Amino acid sequence: MSEKSAKSPLLKKKAALRPVTKKNLVTYLMVIVFFALFQTLSATGNLKFAYKSLLVPICTSVIMAVSLNLVVGVLGELSLGHAGFMCVGAYVGSFFSVLTEDIITVTWIRFTLAFIFAAVAASIAGVIIGVPVLRLKGDYLAIVTLAFGEIIKSLVNVLYIGKDSNGFHIAMDSAKLNMELDGMVIVKGPQGINGTPKDSTFFIGFILVMLTIFIVTNIMDSRTGRAIMSVRDNRIAAESVGINITKYKLIVFTISAAIAGCAGVLYSHNLTTLSANTNNFGYNMSIMILVYVVLGGLGNIRGSVIAAAVLYSLPELLRGFSKYRMLIYAIVLIVMMIVNNGSYFVKLKEKYSYKFYKKINSKKNGKEAV
Amino acid sequence: MKFLSQLISGISLGSIYSLIALGYTMVYGIAKMLNFAHGDVIMIGGYVVYTACVTAGLPAAAGVLIAIVFCTVLGVAIERFAYKPLRSASSLAVLITAIGVSYLLQNVALLIFGSDTKSFSSVVSLEPVSLADGALVISGETIVTIIVSVIIMVALIVFINKTRPGKAMLAVSEDKGAAQLMGINVNGTIALTFAIGSGLAAVAGALLCSAYPALSPYTGAMPGIKAFVAAVFGGIGSIPGAMIGGILLGIIENLSKGYISSQLSDPIVFAVLIIVLLVKPTGLMGKKINEKV
């Protein structure tokens with residue numbers, strides 16, 4: 001008996017670790033191989049410039065997709081305002097970098113601080129949005145997140161922040177800034193932020209992708225993650241076994257917002273001019289990320305990574321077809337959804353997988369009989 | 001006087017939102033899906049009117065009629081080929097398909113008409129009406145929009161409550177299975193809903209482009225989102241809710257444009273929506289559904 005109990009924790013640990021780590025290891029390996037391949041290609045000059053400039057945005061969209069998957073796939077709430085958090089992160093990060101470019105000269109310290117500030121700001125936005133949103137369900141929640149995303153985008157478009165010897169000036173109008181002569185306007189309303197240092201590299205993007213996958217998969221495999229998934233699968237049952245739904249929903253919203261904020265920093269430090277419009281921080285972007293998540297598979301992190309990388313680069317790879325590329329993208333999207341989910345194709349799949357299953361089963365039985 | 005004129009143009013804009021929101025809310029009520037492509041049907045309607053009236057030189061009424069027929073057929077075709085195979089799939093799968101259809105329509109328009117903004121000639125030939133010695137001028141578009149919307153809404157309410165196909169729509173939105181057992185052709189009814197919604201979108205497209213004469217492949221996106229907000233505002237699935245939600249949204253948008261800031265009108269509209277939903281989580285006229293274990 002004592003021998004058994006001494007052995008069992010070890011056994012248990014081994015058994016609990018194996019399937020999960022194996023699954024995650026494949027994801028990490030995939031990202032590492034992808035990174036190593038493209039890093040060598042671009043270092044040896046075998047990658048066209050057009051493709052090279054895709055690498056950091058791919059990392060951004062992968063991070064966005066993985067973090068949205070935490071909300072849509074793991075928590076099961078449809079959010080259409082994810083780009084709003086990215087916008088908060090991008091602006092805070094860029095603002096910080098422009099402000100401290102002369103003070104903190106060591107790039108990596110400044111960049112790390114920018115990430116931290118952006119993550120904190122975005123998670124605050126996540127809490128602000130999360131608290132009221134928790135009262136709502138389903139499509140109502142979706143429309144409110146969309147509304148919040150649009151509000152954030154519109155507000156940064158009328159935001160002016162300047163700095164002079166008297167400190168900071170914040171206004172909704174460039175005329176009302178009341179700047180001293182030595183002042184510098186950093187955030188210029190619709191023109192956004194100019195002169196962000198170009199700190200983002202493929203390597204930093206890669207590190208961030210790995211970190212994101214690490215954080216999200218570890219949450220999913222933890223006690224918290226199981227609680228979150230129970231909320232998704234049956235809210236009432238989860239509540240009746242004592243799971244605090246509000247708490248877990250808020251946790252998910254905050255973490256996912258913080259990660260999206262970091263993606264925003266990566267995005268903004270890859271551009272010289274940062275401004276908010278419908279295509280980068282509006283609902284178009286939120287919807288595009290949602291497409292990655294759904295096509296990659298809800299709750300499937302590896303799927304999100306692949307879908308985001310492939311679908312982001314698809315329109316660029318289709319440049320040869322120039323005019324038709326978005327048309328092809330749209331058709332691919334519709335056909336993929338119908339083939340994956342259409343009742344006719346689902347039946348077809350079931351039929352064949354049933355036959356396959358039967359075949360394997362009969363083989364097994366045959367062996368046993370022998 | 002400024003307030004009155006802002007209010008009237010707000011009602012006019014709001015009635016366009018209502019027409020679009022009706023399409024959203026009817027489709028949601030009956031198929032339980034968010035039809036994101038609805039905004040782009042408006043844009044297609046606008047282009048059909050443009051082609052018929054400006055390129056082919058037909059009279060405005062004929063152009064609008066052709067647009068209604070075209071969009072009705074388009075709506076039914078979209079339902080048949082994109083949404084019908086997914087009838088039993090998850091709502092998220094249908095949502096993504098709708099987004100795909102939206103991209104498709106935008107890019108087809110982009111290929112045919114190009115990305116440049118077309119200046120739309122108004123389908124309304126009514127002179128502006130001047131009241132109170134010229135202090136209050138109401139444009140012909142505003143008057144026609146309000147009158148047309150009122151007629152359509154009354155007709156729609158009569159259709160849904162008094163005719164057999166209308167009652168069938170109500171029954172299907174209440175309970176699809178039970179409606180089928182009562183001998184209602186569910187697929188036909190859903191197709192009819194898409195037909196009506198898309199027809200209304202064509203009218204809304206013609207009116208919208210007359211009031212704001214700029215037509216591009218992305219014209220439909222923002223009004224579509226606003227109308228979606230209006231539908232949720234009024235309680236999605238509720239037809240009177242969509243009408244009231246649309247008109248209120250138009251009024252709020254125009255008043256905040258006139259009195260606060262034109263750049264801040266969108267955030268104000270969205271903020272009002274959020275506040276309404278926080279107080280009443282199912283919208284103004286939405287039914288509260290009790291959850292069962």
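The figures here come from the full heavy-atom set of this structure, side chains too, leaving out hydrogens, waters and symmetry mates. From a predicted model like this one, the values you see are computed outputs, not experimental measurements. Naming: A, B, ... by sequence-line order, numbering from 1 per chain.
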Closest approach of A:L333 to B:G100 (non-hydrogen atoms, all atoms of both residues): CD2-CA, 3.6 Å

Residue A:F148 versus chain B: region with a heavy atom under 4.5 Å: both

Residues in residues 243-269 of chain B near chain A [non-hydrogen atoms, under 4.5 Å]: B:Q263, B:L264, B:D266, B:P267

Options B:V229, B:I225, B:V101, ranked by heavy-atom pairs under 4.5 Å with chain A, top entry: B:I225

Steps toward side-chain contact (heavy atoms from CB on, under 4.5 Å) verdict (B:N107, A:Y329): CA-CA 10 Å; B:N107 285 292; A:Y329 183 84; over 6 Å; no

Contacting moiety of A:L290, where chain B heavy atoms sit under 4.5 Å: both

Interface residue of largest heavy-atom contact number with chain B, from A:V294, A:I331, A:V72, under 4.5 Å: A:V294

Contact class of A:I338 relative to chain B, heavy atoms under 4.5 angstrom: both

Euclidean distance, A:N284 CG relative to B:Y103 OH, rounded to 0.5 Å: 6.0 Å

CE-CD distance between B:M222 and A:E150, expressed to the nearest 0.5 angstrom: 5.0 Å

Non-hydrogen atoms of A:A147 and B:L273 that approach each other most closely: CB-CD2, 3.9 Å

Side-chain heavy atoms of B:L34 within contact of A:I143, under 4.5 Å: no

Choice from B:S102, B:S91, B:A93, B:S90 maximising heavy atom contacts with chain A below 4.5 Å: B:A93

Under 4.5 Å from any heavy atom of chain B - which part of A:L80: side chain

Residue among B:F228, B:Y218, B:Y83 with most heavy-atom pairs under 4.5 Å to chain A: B:F228

Toward chain B, the part of A:L141 with a non-hydrogen atom under 4.5 Å: neither

Atom group of B:L110 that falls short of 4.5 Å from chain A, counting heavy atoms: neither

Interatomic distance, B:L92 atom CG to A:M337 atom CE [nearest 0.5 angstrom]: 7.0 Å

Part of B:A221 lying under 4.5 Å from any heavy atom of chain A: both

Between CG on residue A:L136 and OG1 on residue B:T282, distance to nearest 0.5 Å: 9.5 Å

Option that, when pairs with chain A are counted at under 4.5 Å, heavy atom only, ranks first among B:T97, B:L111, B:I96: B:I96

